[in-house]
Amino acid sequence: MQNIVEFSEGLVVQTALINGYSESDWGVLCDVQSITMSWSKEFSKMFTEALYADPNTSKILAKVNSTDHQQSFAVWYETLASGKPGATFWPETCLVGLFHAAAGVDNRHVIGLFSKLEVSFHRKCLESFELDKANEVFWAFKRIMDIALAIMVDSYHFANIVGMKDVGVNEALFARIRGLSIRKMIDEARSVLPLIEWNDSLSVGLDSIDEQHKKLVDILNSLHGSSASAKDPEAVKKILNDLVEYTVYHFNYEEGLMKEHQYPDLENHLVAHKALVEQVGKFNEDFQAGRAKLSSELFKFLRSWLNGHIRGTDKRYSAHMKACGVN
Ligand SMILES: [Fe+2]
Ligand SMILES: [Fe+2]
């Protein structure tokens, strides 16, 4: 089991691998500390006011003296802005996260406050330094803030692990329980959310085709909905038949248009249609005969089938058709 020092240092290493943080970021801040440390009062006032202005956190924090809060934030900010954090900065940051957890301050407030602080820091950098220097200082600050944020937010997870261990659940079992509940939540979310949501990024710019694509999206969503709720095989069989029939109808319509307007890439498009009809037709046959079941793999395939064909193959004919006066 890790202690708070190992936990926070491990997180620094992992986050740094992604956001590019290195010790040299502290050097950048150290060079300008005479300016940035003087912003401490303004920032701590802003930070505390924002925290207490929120109706959720203000209730929780009513017991804490706001001056104390302001002061502890000022100490943390000044340590950061000095560019000389010392050995305990990251574990102390983890402690701040644990204090938040103890007070019930939600992570979304912490994220909102960090974002607000970064915007103000950026504005002040632009007022105080030449553009290049302002960017250099801001990005060093931002990388450090992101690591601090990762530590604060993840300290909730750290507390969970410690708590579980105290009641006799080891880390591996905890990870397994967590994995199972995440899986369950994903399945539940999938069952209530539509498989595909129509938006303008799916439009090929031709009204008649867009209407047909929307209908295909609707059929796929009702197939997806039927698999999650009723488990009525007859209803599923009917929707699957609708899907196959409408796919054939729509492909014929598109192919007619492409032939009529001598679309140059017709052959490749026909090959793509043929393969898709065969794949969906085969699945339909297997399902009607009781050899196949609706599964998350099938829906993954159908979603990428429709998304991929519309966004890739179909969109390619758009300019040609428009030039031929189709709409
Ligand atoms: Fe299409
Ligand atoms: Fe097509």
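Please read these numbers as outputs of a predicted model, since none were measured by experiment. Each ligand, and each atom within it, is numbered from 1 in the order the structure gives.
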Task: Interatomic distance, L257 atom CG to H320 atom NE2 [nearest 0.5 angstrom] - done: 10.0 Å
TODO: Give, for atom CZ of F141 and atom CD1 of I144, the distance between the pair rounded to the nearest 0.5 Å.
DONE: 8.5 Å
- [ ] Using a cut-off of 2.8 Å, count how many protein N, O or S atoms are strictly closer to the Fe ion (ligand 2).
- [x] 5
Open item on the list: Looking at L11, is its backbone amide N or carbonyl O close enough to the side chain of D154 to form a donor-acceptor pair, meaning the two atoms are under 3.5 Å apart?
Closed with: no
TODO: Spell out, as yes or no, whether a donor-acceptor pair under 3.5 Å connects the side chain of S128 to the backbone of C125.
DONE: no
Open item on the list: I want to check something: taking the side chain as every heavy atom from C-beta on, are L149 and V153 in contact at a cut-off of under 4.5 Å?
Closed with: yes
- [ ] Evaluate the ring planes of F251 and W305, with Trp represented by its six-membered ring, and classify them as parallel (under 30°), tilted (30 to 60°) or perpendicular (over 60°).
- [x] tilted
